[in-house]
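In the text below, chain A, chain B and the rest are named by the order of the sequence lines, each starting its count at 1. All heavy atoms count here, side chains included; hydrogens, waters and symmetry mates do not.
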Protein chains: 2
Amino acid sequence: MIDRLLMKLRARDEISADEEEALRAAVGEIVRHPADVTFIPAGKLLHSSTLLIEGLIARYKDLSNGERQITELHVPGDFADLHSFTLKFLDHSIMTVTPSVIVQVPHEKLQAITENHPHLARVLWFMTNLDAAIHREWVVSLGRRSALKRTAHLFCELQLRLGIAGLATERGYALPITQTVLAECLGLTSVHVNRVLKELRERGLVEFRSGRVTILDLPTLRRLAEFDPAYLYLDKRPR
Amino acid sequence: MIDRLLMKLRARDEISADEEEALRAAVGEIVRHPADVTFIPAGKLLHSSTLLIEGLIARYKDLSNGERQITELHVPGDFADLHSFTLKFLDHSIMTVTPSVIVQVPHEKLQAITENHPHLARVLWFMTNLDAAIHREWVVSLGRRSALKRTAHLFCELQLRLGIAGLATERGYALPITQTVLAECLGLTSVHVNRVLKELRERGLVEFRSGRVTILDLPTLRRLAEFDPAYLYLDKRPR
DNA sequence: CGCGGACTTGATGTCCCTCAAGCCGCGTGG
DNA sequence: CCACGCGGCTTGAGGGACATCAAGTCCGCG
């Protein structure tokens, strides 16, 4: 059940059998949500963190004019709100993008981990810092990259992150989301996302159709996006 | 020396005398840097974290065309790279924006804190999560707010964050940076920042001149920016 | 006194938004 | 079985926000 989490962690650091056991012992029962459900509203007091097992979920903020900005897209193996352990409530909401399977990890179990497994605690801290690194890359994309490069960059990021979880190859991956959701990630309108997707397709770089990303030319796609995976910290050194 | 850090922490949680002592014992010697110096380049292996005592420093990423995006602006009392404790190296660089005074906190001292002061460790973890929350708000600004609102929002954010450190009032604060640096925070050109500043001034909301932000009408400024300070977590509850 | 960096302003250009229409696939119900 | 509605996708025309290019001003400093 926590296999994808372990894959994600072990892509960055050693996790002992003992630590693995501690993680397994920490997870609660399985919960299923249909698509498009906000299951954690901003500001709500939280007592557990959400580990995504299957599906796609998004962190987002609403604006007064009804627009929405997604601040991070989560893939299986991600903690969607590990940071709620120290924050207690969130400044943003969390919704399912596709039908999803999650498990809850009570904060008291996390607390126990911080007390009994200092290295694992550091790894968990690292995971929240990894989210922050992803945020920073999105800041750069939104601030300085054109719509085309920004979209290409997101496809590159998801290819790597899903790849770690065993859910993507160099050829592509399932991404069953609408162009509107994509637009909410990219700070664009769905109309413009549509035009950008057309151009990426016509350039022979990547195709996004019927819930699937098909990568046609990864090297060129990465060059276009100026994609440097360093921010995903996919090296293995002690944390 | 770490007074502003303590102010920042105590705006969010109780810090015991014991914990205060542990923090004081952790800081190394004082270092001074002139303005506009990158003292932590991206990718460099780090063995200590940087606490800003005086001045302004920025986290930023360079792009291939020579442009730059600042991902966070740090004020006195902020750790600029507390996250390097778990990341080991950074995905971005850190530079001084104004002449600055910093102290280094060796990672081994942070490690000792995590082992001997679990609550303080949680507070430090919280601090890195607070940075992530600020990143998210910048994502929202860059993705969905107009240049005018975005600029107003940044002035509101800095007013609060500097206020906690005792460096701002409701009337304004020192911000000795150029319009170009402001533009690098806001994902704009300095030319357009200039026009935006003019409009904010003419609307009677805020004035930015000769290194100082003078707030003329804080309530209206906040309303324009749709500024909701929840993301700065300025309530006091146990972490 | 002259130089350079920061700021300011105007003219023009472009990227992306807005508005609008049409299409397609799918589920629902007569 | 087809009509219809609806959400998602697609495309065109026009507009607006911000970028680019280009001067020119202001001011501190050697």
Side-chain angles (χ1 to χ4, degrees), chain A residues 34-37 56 63 65-69 95-99 141-154 174-203 206-214 224-225, chain B residues 34-37 56 63 65-69 97-99 141-154 174-203 206-214 224-225:
Chain A
D36 209 24
V37 170
L56 274 177
L63 285 99
N65 62 358
E67 286 184 321
R68 184 154 72 174
Q69 176 68 43
M95 62 176 277
T96 55
V97 176
T98 69
S141 268
L142 289 163
R144 289 285 179 234
R145 288 198 253 261
S146 68
L148 193 72
K149 293 186 176 207
R150 201 186 303 166
T151 307
H153 199 282
L154 181 59
L175 190 71
I177 69 180
T178 64
Q179 295 183 3
T180 302
V181 169
L182 213 42
E184 286 169 346
C185 293
L186 296 168
L188 301 168
T189 59
S190 61
V191 171
H192 197 63
V193 164
N194 183 279
R195 294 189 226 267
V196 165
L197 291 174
K198 184 181 177 185
E199 169 142 18
L200 287 172
R201 193 184 333 120
E202 286 174 351
R203 286 201 191 189
V206 63
E207 219 173 290
F208 179 66
R209 252 185 48 242
S210 48
R212 189 166 178 84
V213 174
T214 306
L224 169 66
Chain B
D36 210 23
V37 170
L56 275 177
L63 285 99
N65 62 358
E67 286 185 319
R68 185 153 72 174
Q69 176 67 43
V97 175
T98 68
S141 268
L142 290 163
R144 290 285 180 234
R145 288 197 253 262
S146 68
L148 192 73
K149 292 186 176 206
R150 200 186 306 166
T151 307
H153 199 282
L154 180 59
L175 190 71
I177 70 180
T178 65
Q179 295 183 3
T180 301
V181 169
L182 213 43
E184 288 169 344
C185 292
L186 295 167
L188 301 168
T189 59
S190 60
V191 171
H192 197 64
V193 165
N194 184 278
R195 293 189 226 268
V196 164
L197 291 173
K198 184 180 178 186
E199 169 144 17
L200 287 172
R201 192 185 334 121
E202 285 174 353
R203 286 201 192 190
V206 63
E207 220 173 288
F208 178 67
R209 253 185 46 244
S210 47
R212 189 166 178 83
V213 173
T214 306
L224 170 66

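Within the nucleic acid shown, A/G187 comes within 4.0 Å of sugar-phosphate atoms alone, with no base atom in reach, counting heavy atoms only.
The shortest side-chain heavy-atom distance between A/T151 and A/V193 does not fall under the 4.5 Å cut-off. Within the 4.5 Å cutoff, no side-chain heavy atoms of A/V181 are placed close to those of A/L56. Looking at heavy atoms from C-beta onward, A/N65 lies out of side-chain contact with B/R144 at the 4.5 angstrom threshold.
A distance of 8.0 Å separates CG of A/L148 from NE2 of A/H192, quoted to the nearest 0.5 Å. Rounding to the nearest 0.5 Å places CG of B/L224 at 7.0 Å from OG of B/S146. Taken from CG in A/L175 to CG in A/L154, the straight-line distance is 7.5 Å, to the nearest 0.5 Å. Taking CZ from B/R201 and CZ from B/R209, the interatomic distance works out to 8.0 Å, rounded to the nearest 0.5 Å.
Between its opening and closing five pairs, the helix from C/dC1-D/dG30 to C/dG30-D/dC1 changes axis direction by 20°, a value rounded to 10 degrees.
If you find the closest nucleotide of DNA chain C to A/R145 and to B/F208, the one lying nearer the 5' end belongs to B/F208.
Rounded to a whole Å, the CG atom of B/N65 is 14 Å from the C1' atom of D/dT20. Remark: C1' of C/dC15 and NZ of A/K149 are 14 Å apart, rounded to the nearest angstrom. C/dA6 atom C1' lies 14 Å from atom CD of B/E184, rounded to whole Å. To the nearest angstrom, P of D/dA17 lies 13 Å from CZ of B/R150. Taking atom CG on A/L148 and atom P on C/dT14, their separation rounds to 17 Å, with Å as the unit. Regarding A/R201, its CZ atom lies at a distance of 6 Å from the P atom of D/dT10, rounded to whole Å.
Phosphate contact (OP1/OP2 of C/dG5, side-chain N/O of B/Q179, threshold under 4.0 Å): absent. Between D/dG8 and A/T178, no contact under 4.0 Å exists linking OP1 or OP2 to a side-chain N or O.
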Per-nucleotide protein contact string for nucleotides 23-30 of chain D (B base, S sugar-phosphate only, - none; heavy atom under 4.0 Å)
--------
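Screening A/Q69, A/Q179, A/R68 for a side chain to side chain donor-acceptor pair (under 3.5 Å) involving A/E184 leaves a single residue, A/R68.
Taking only side-chain atoms of A/L188, from C-beta outward, the nucleotide of C/dT8, C/dC17, D/dC18 with the closest atom is C/dC17.
Salt bridge annotation for A/R203-A/E199: present, with a cationic side-chain nitrogen under 4.0 angstrom from a carboxylate oxygen.
For the pair B/F208 and B/L197, the tightest heavy-atom approach, listed with the atom from each and the gap, is CD2-CD1, 3.7 Å.
Contacts with DNA chain D (heavy atom under 4.0 Å) in residues 190-200 of chain A: A/V191, A/N194, A/R195, A/K198, listed by number.
Side chain of B/S190 to main chain of B/A183: no donor-acceptor pair is present (N/O by atom type, distance under 3.5 Å, no hydrogens or angles).
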